[in-house]
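Here is the structure we will look at, set down as structure tokens.
The first residue in the sequence is number 1, and the count goes up from there. For the numbers below, each heavy atom of this structure counts, side chains included, while hydrogens, waters and symmetry mates do not.
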Amino acid sequence: MAAALDLPRSVLLALWLAASAEPDATVAAVQQDDEPHAVDADGEPVTLRDWLTWLGGPVDDVAVVLPVPGDPVAAPPTVSHDAVLAGECVLLRAGARTVAAVPHVEQFGSVYEPGHAVTWRTAPVPDWRTAVWAQVGTLEDAERDLRQGLLTATEALVSLGVERWRPDAADAIAGVRDGALPERRIPRGIEAQRLRVLSSAARLRGIVALATQDDGGAVNTWQADQRSTALREVDRVARRAMAAAATHLTRD
């Protein structure tokens with residue numbers, strides 16, 4: 001059965017901000033099954049809908065960064081630490097305002113009925129566009145790198161023998177490979193190339209997550225390290241591609 005692919009909350013928020021959608025539609029897509037999202041704006045909590053209304057309509061530029069420890073971070077220094085801890089951050093420019101928003105997620109409940117409480121911490125930041133453009137690159141670059149990343153991931157999976165030592169892995173990997181993004185969470189009218197890159201990057205990250213759950217059967221430490229290194233690089237490519245597909249920058 002094909003899996004339902006998912007996207008980080010920052011990617012979803014950026015996509016809907018760029019689509020100039022109504023706040024209610026944006027909130028519904030970004031929150032999904034979470035508890036109602038809050039926004040900490042200068043220490044004053046407001047709802048996500050109220051914050052979107054405060055932004056006052058379409059943003060001029062929006063970008064996403066999806067860093068992990070050890071990555072160079074395109075987010076301004078004042079928020080880069082929080083962005084790395086969260087693994088994601090939205091950067092936006094609306095008129096004269098340049099703002100960063102980082103989601104802080106608290107999980108509650110059980111593994112069978114998990115819940116998530118999300119607070120977006122926002123802060124004014126310096127103009128971030130040059131740094132993001134230099135790091136994220138173009139959609140064309142992202143799509144080309146994704147094709148190579150898929151080959152690398154496939155080779156790593158074959159080398160790892162995932163399907164042989166985990167009977168459930170073959171079906172899980174096939175489900176992710178054939179998965180699709182839920183239409184209700186993607187703005188209508190998104191360009192075909194962006195959607196293609198988002199879907200491919202989400203599939204690739206899902207496959208990497210499955211492959212890195214453990215190191216498998218009879219492999220030595222060197223082999224495990226080689227595979228782990230290869231898969232980390234694949235995930236980096238997928239994160240960069242996903243960020244590129246969620247980034248909309250005007251060229252002044």
Exercise. Begin from the C-alpha positions of Asp34 and Arg9 and carry the test side chain to side chain contact (heavy atoms under 4.5 Å, CB included) through to its verdict.
Key: CA-CA 10 Å; Asp34 294 339; Arg9 295 171 179 86; 2.8 Å; yes
Exercise. Before giving the answer on side chain to side chain contact (heavy atoms under 4.5 Å, CB included), spell out for His116 and Glu106 the whole-Å C-alpha distance, their side-chain angles and the decisive distance to 0.1 Å.
Key: CA-CA 6 Å; His116 300 89; Glu106 294 183 14; over 6 Å; no
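Taking CZ from Phe108 and CD from Glu113, the interatomic distance works out to 10.5 Å, rounded to the nearest 0.5 Å. Note that the CG atom of Leu92 and the CG atom of Leu13 stand 8.0 Å from one another [nearest 0.5 Å]. Between Asp145 atom CG and Glu233 atom CD the span is 8.5 Å, to the nearest 0.5 Å.
Residues Pro8 and Arg205 are in side-chain contact: their nearest non-hydrogen atoms beyond the backbone lie under 4.5 Å apart. Residues Asp141 and Thr138 meet the side-chain proximity criterion, which asks for heavy atoms closer than 4.5 Å. The closest side-chain heavy-atom distance from Val79 to Pro76 is below 4.5 Å. No side-chain heavy atom of Val39 sits under 4.5 Å from any side-chain heavy atom of Thr119. Side-chain contact check for His37 versus Pro103: every heavy-atom pair is 4.5 Å or farther apart. Here the side chains of Arg184 and Gln32 are in contact, with some heavy-atom distance below 4.5 Å. Between Arg49 and Thr53 there is a side-chain heavy-atom pair separated by less than 4.5 Å. For the pair Leu55/Leu17, a side-chain contact is recorded, criterion being any heavy-atom separation below 4.5 Å from C-beta on.
Gly95 approaches Asp60 most closely through the heavy-atom pair N-OD2, 2.6 Å. Minimum heavy-atom separation, Ala14 to Val64: CB-CG2, 3.4 Å. The two residues Val46 and Trp51 come nearest to each other via the heavy atoms CG2-CB, 4.1 Å. In terms of heavy atoms, Leu146 sits closest to Ala238 at CD2-CA, 4.1 Å. Of all non-hydrogen atoms in Trp120 and Val90, the two that sit nearest each other are CZ3-CG2, 4.0 Å. Nearest heavy atoms, Leu15 versus Ile186: CD1-CD1, 4.4 Å.
Between the side chain of Glu35 and the main chain of Val118, no donor-acceptor pair closer than 3.5 Å is present. Listed for the Thr98 side chain is a donor-acceptor partner under 3.5 Å among the backbone atoms of Val125. With hydrogens and angles disregarded, no donor-acceptor distance shorter than 3.5 Å links the side chain of Glu88 to the backbone of Leu66. In this structure, the side chain of Thr122 engages the main chain of Asp40 through a donor-acceptor pair within 3.5 Å.
In the hydrophobic clustering of this structure, Val102 does not group with Val65; members are Ile, Leu, Val, Met, Phe, Trp, Tyr whose side-chain heavy atoms approach within less than 4.5 Å, directly or through other members. Cluster annotation: Val11 is connected to Val27 through the hydrophobic network of ILVMFWY side chains, with a link wherever side-chain heavy atoms come within less than 4.5 Å. Under the 4.5 Å side-chain contact rule for hydrophobic residues, Leu48 and Val62 share a cluster. By the rule that hydrophobic residues join a cluster once side-chain heavy atoms approach within less than 4.5 Å of another member, Val105 and Met242 end up as members of one cluster. The hydrophobic clustering, which links ILVMFWY residues whose side-chain heavy atoms are closer than 4.5 Å, places Val30 and Trp54 together.
At most 12 non-hydrogen atoms from other residues, nucleotides or ligands lie less than 6.0 angstrom from CZ of Arg121.
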Determine all donor-acceptor pairs shorter than 3.5 Å in which one atom belongs to a side chain in residues 190-201; sequence neighbours excluded.
unit_1, atom_1, unit_2, atom_2, d
Glu191, OE1, Arg194, NE, 3.3
Glu191, OE2, Arg194, NE, 3.2
Gln193, NE2, Glu143, OE1, 3.3
Arg194, NE, His248, NE2, 3.2
Arg194, NH1, Ala245, O, 3.1
Arg194, NH1, Thr247, O, 3.0
Arg196, NE, Glu143, OE2, 2.4
Arg196, NH2, Glu143, OE1, 3.4
Arg196, NH2, Glu143, OE2, 3.2
Ser199, OG, Leu195, O, 3.0
Ser200, OG, Arg196, O, 3.1

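Stacking of Arg185 on the aromatic ring of Trp16 is not recorded, the 6.0 Å distance cut-off and the 45° axial limit not both being met.
For Thr250 and Asp61, the side-chain atoms include at least one donor-acceptor pair closer than 3.5 Å.
Listed by chain and residue number, nothing satisfies the salt bridge (charged side-chain N to carboxylate O under 4.0 Å, His left out) test with Arg232 (two or more places apart in sequence, or in another chain).
Sequence neighbours left out, the pairs with a member in residues 62-82 that pass side chain to side chain donor-acceptor pair (under 3.5 Å) are Asp71-Arg239.
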